[in-house]
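A short worksheet on the structure shown next.
Chain naming here is simple, since letters A, B, ... match the order of the sequence lines and numbering starts at 1 in each. Given the structure is predicted, the values throughout are model-derived calculations rather than measurements. We use all heavy atoms of the structure for the numbers below, so side chains are in, but hydrogens, waters and symmetry mates are not.
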There are 2 protein chains.
Amino acid sequence: MHKRILIVEDEDSIRDMVAFALRKAGMDPMHAADARAAQLAIADTVPDLILLDWMLPGTSGLELARRLRREELTSEVPIIMLTARGEEMDRVNGLEAGVDDYVVKPFSTRELIARVKAVLRRSQGDDGSGVVEIGGLKIDGPAHRVFAGEEAVPIGPTEYRLLYFFMTHPERVYSRAQLLDHVWGGSVYVEERTVDVHIRRLRKTLEPWNLEGMVQTVRGAGYRFSASV
Amino acid sequence: MHKRILIVEDEDSIRDMVAFALRKAGMDPMHAADARAAQLAIADTVPDLILLDWMLPGTSGLELARRLRREELTSEVPIIMLTARGEEMDRVNGLEAGVDDYVVKPFSTRELIARVKAVLRRSQGDDGSGVVEIGGLKIDGPAHRVFAGEEAVPIGPTEYRLLYFFMTHPERVYSRAQLLDHVWGGSVYVEERTVDVHIRRLRKTLEPWNLEGMVQTVRGAGYRFSASV
DNA sequence: GGACAGTGTTACGCAACCGTGACAACTGTG
DNA sequence: CACAGTTGTCACGGTTGCGTAACACTGTCC
C-alpha cells in the first residue's frame, strides 16, 4: 500500500526533509522543482497525493492546483499546500481551487505526516464515520449493518467481521493465516481451512446481489476483496 | 436529563469555575485531577461528555483522549479539549485522536457552556427540544411520555429510559455493557442478562402497535434500535 | 494426460447465544 | 401493614452460527 506522494517544491532542503519523513512513514515520495516538472512527473505516474508549494518559480502553486483540477486524470488527487506564514490570507483562493489542506511553514514533519495521512484517509472514503462503501456494497460499522444498494443484507457475525476487514482493506491479498489473525483475533486456534468455508459463506450471502465476484481467490496466496470483477 | 460532565483538570481554580458554570446550566459535573483519577471516575460512571485539559501531570490529555477512544465503553463519549494559547499547533494531533472541539484558555464560562451544549447536541440526534420521533414512534423527554401515532403508550420507568436512549441513539449497535452504562448508570452492578429481559419487556409494550421490530437483536454484538425492519 | 496440490462445497455435531416465563425482592402508597 | 407495580435474577428450551472433516472439483506442472 505504498502511497505515491509528489512533492512540488523548489527549495532542496525542504524537499529532502519532507521526502525523508514520507519515506520513513512508508510512503513513496517523488519530486518536482516547478510546475512544468510536476506535470511531466504526473504524466508519467499519477500520484496518490500532491504536496504543493505555494510559491514556485514560473507558474504559481495556486495556478498549478487549478490546472490539475481541470484535468480529468488529476481532478481527484488530493492536494496539500505548503505556505509560508503571512500567505494565509489566500486560504480562500486555495479552497476555491480545490485544495484539501494547508500546512504552514515552518512545520514539523510529524504534523505534515499527520495531515497527509488524514487527507489520504478522507480521499479513500474512510471519513472516520466507520462507514465504508465499495462498488455498490456498503458496510456500516456502528450500526453493524451491510447494504447492497438500498437493501439490507442478512449476515452472520463472523461473515460480518470478515467482510468488514475486507472492506477496510480492499484491493489486497491476505493469506489464510493473516485473515485468521485479523478476523478471528490471533489468540484462538482454528484450522486455516475454516477461512475457506467462511469465504464460501460470505460469497453465498452476497450472491443474491451478484456481488460474490468481489471476494476473489488468489491461488497459492489467499483471498482478495475488490470492486472490479 | 441531567448530563454528566467529567472535568479532567489539575488547577483547582479552573475546575471550580467550570463546575459551578456547568451546575448552573443544569448539568452534573464530576472531576478528576489527572489521567488516573479520570479513568477511575469513568470506570464508575461513564459521563456524557469529557472536558479534558491538554496539560496534565503524568499522562497528557492527548494521550488520555487516545486511550478513551480505544476503549469500547468510552469510544463515543465526546471530548472537548482545554488548551492554552500557543498549544494550538497540536490541533492536528487532537483531531487525529478524535477530539470533538477545542476551547482556548482563557475562556468565558458562557463560551464553554455554549460549546458543551453544541457538542452534546451533535453527539445525539437531539435538536434540543427533547422530543424525538422515529418511524411512527415519538418520545417526549420533558413530558416523559411516549406516543405511537396519536395514542399514548403506557410504559414503565426502566423501559422508558431504555427507549429514550435508543431513540436518541438510533441505527447503532450497543452491547449489553454499554446499555447498562448508559441506561442504568454504571455505578450499580446488575447482570448483563437483565438487559435481555428489559428488551423483551420493551418489545412487548411496543407490540400492540406492531413496532416491536424496531428493537433489533444483533447476535454476538448487542441490540440496535432502527426504523427499518 | 496423469498426478498432485490447492480450493469449493456440503453435512454434521456442538457450543454459544438469546427469548421467555416464573419468581422473589424491593419500592412506594394508602 | 397490605397491596400493586416494578425490577433483577434464574433456569429452561430453542435457535443460530461455528469449526471440522470428508469429498468433489479445478488448475498446474512435468
Side-chain angles (χ1 to χ4, degrees), chain A residues 144-146 152-166 173-208 211-226 229, chain B residues 144-146 152-166 173-208 211-225:
Chain A
H144 221 271
R145 273 199 173 204
V146 178
V153 178
I155 192 169
T158 307
E159 282 171 58
Y160 175 85
R161 291 204 311 278
L162 183 59
L163 181 62
Y164 188 87
F165 177 76
F166 271 139
V173 176
Y174 290 94
S175 69
R176 294 174 173 73
Q178 286 176 307
L179 290 172
L180 283 178
D181 263 328
H182 288 115
V183 179
W184 274 257
S187 54
V188 290
Y189 178 75
V190 287
E191 294 292 324
E192 290 207 341
R193 296 301 313 284
T194 300
V195 176
D196 297 32
V197 179
H198 281 277
I199 289 284
R200 148 79 173 145
R201 286 171 179 159
L202 179 56
R203 280 176 179 150
K204 205 165 200 174
T205 48
L206 296 180
E207 216 166 51
L211 296 173
E212 71 272 18
M214 297 178 89
V215 183
Q216 296 162 3
T217 305
V218 181
R219 215 183 152 78
Y223 297 95
R224 172 183 52 210
F225 188 84
S226 170
V229 195
Chain B
H144 218 270
R145 274 191 161 218
V146 178
V153 178
I155 192 170
T158 308
E159 282 170 57
Y160 175 85
R161 290 204 312 279
L162 183 59
L163 181 61
Y164 189 87
F165 177 76
F166 270 140
V173 173
Y174 290 94
S175 69
R176 294 175 173 72
Q178 286 177 307
L179 289 173
L180 282 177
D181 264 313
H182 290 294
V183 179
W184 274 257
S187 53
V188 290
Y189 178 74
V190 288
E191 293 292 324
E192 290 205 341
R193 296 300 311 281
T194 299
V195 176
D196 297 30
V197 180
H198 282 276
I199 289 284
R200 146 87 170 139
R201 287 171 180 161
L202 178 56
R203 279 177 181 150
K204 209 164 200 173
T205 36
L206 296 179
E207 213 167 50
L211 295 173
E212 72 272 19
M214 297 179 89
V215 183
Q216 297 163 2
T217 305
V218 181
R219 214 182 155 81
Y223 296 96
R224 171 183 53 212
F225 188 84

| said: Counting distance alone, no hydrogens or angles: does the base of D:dG19 have a donor or acceptor under 3.5 Å from a partner atom on the side chain of A:R201? | reply: yes
| said: Using side-chain heavy atoms (C-beta onward) and a distance below 4.5 Å, is A:I155 in contact with A:Y164? | reply: no
| request: Report the residue (B:G156 or A:V190) whose heavy-atom-nearest nucleotide on DNA chain D is the more 5′ of the two. | output: B:G156
| query | In this structure, which one of A:E159, A:Q216, A:E212, A:M214 forms a side-chain contact (heavy atoms from CB on, under 4.5 Å) with A:R203? | reply | A:E212
| query | Between A:F165 and A:H182, what is the ring plane arrangement, given parallel below 30°, perpendicular above 60°, and tilted in between? | reply | parallel
| query | How many Å lie between CG on A:L180 and P on D:dG19, as a whole number? | reply | 9 Å
| task | Using the six-membered ring wherever Trp is involved, compare the ring planes of A:W184 and A:H198 and label them parallel, tilted or perpendicular (cut-offs 30° and 60°). | result | perpendicular
| request: Tell me which nucleotide among D:dG8, C:dG19, D:dT28 gets nearest to the side chain of B:T194. | output: D:dG8
| remark: Rounded to whole Å, CG of A:L179 lies from P of D:dG19 at a distance of 13 Å
| request: State which of D:dA21, C:dG8, D:dC10 makes the closest approach to the side chain of A:E191. | output: D:dA21
| said: Is it the case that D:dT16 (base atoms only) and B:R219 (side chain only) share a donor and an acceptor within less than 3.5 Å, ignoring hydrogens and angles? | reply: yes
| task | Give one of base, sugar-phosphate or nothing for A:V218, where a contact means two heavy atoms less than 4.0 Å apart. | result | sugar-phosphate
| field | Nearest-neighbour nucleotide for the B:R203 side chain, C:dG8, C:dG19, D:dG17 considered | value | C:dG19
| task | Could you state the atom-to-atom distance from CZ of B:R224 to P of C:dC18 in whole Å? | result | 13 Å
| message | Can you confirm whether the side chains of B:R145 and B:Y160 place a donor and an acceptor under 3.5 Å from each other? | response | no
| message | Under 3.5 Å, is there any donor-acceptor pair linking the side chain of B:R193 to the base of C:dG19? | response | yes
| Atom NE2 of A:H198 and atom P of D:dT16: how far apart are they, to the nearest Å? | 17 Å
| request: Indicate whether OP1 or OP2 belonging to C:dT10 is found under 4.0 Å from a side-chain N or O atom of A:K204. | output: yes
| task | Answer yes or no: does a side-chain N or O of B:W184 lie under 4.0 Å from OP1 or OP2 of D:dT7? | result | no
| query | Rounded to the nearest Å, what distance is computed from the CD1 atom of residue A:I199 to the P atom of nucleotide D:dC18? | reply | 13 Å
| task | Output yes when at least one side-chain N/O atom of B:T158 is less than 4.0 Å from OP1 or OP2 of D:dT6, else no. | result | no
| query | Roughly, in whole Å, what's the span from CZ in A:R176 to P in C:dG8? | reply | 7 Å
| Considering only C:dT10, D:dC18, C:dG8, which nucleotide approaches the side chain of A:T217 most closely? | C:dG8
| message | Can you see if the side chain of B:Y160 gets near the phosphate of D:dT6 - specifically, an N or O under 4.0 Å from OP1 or OP2? | response | no
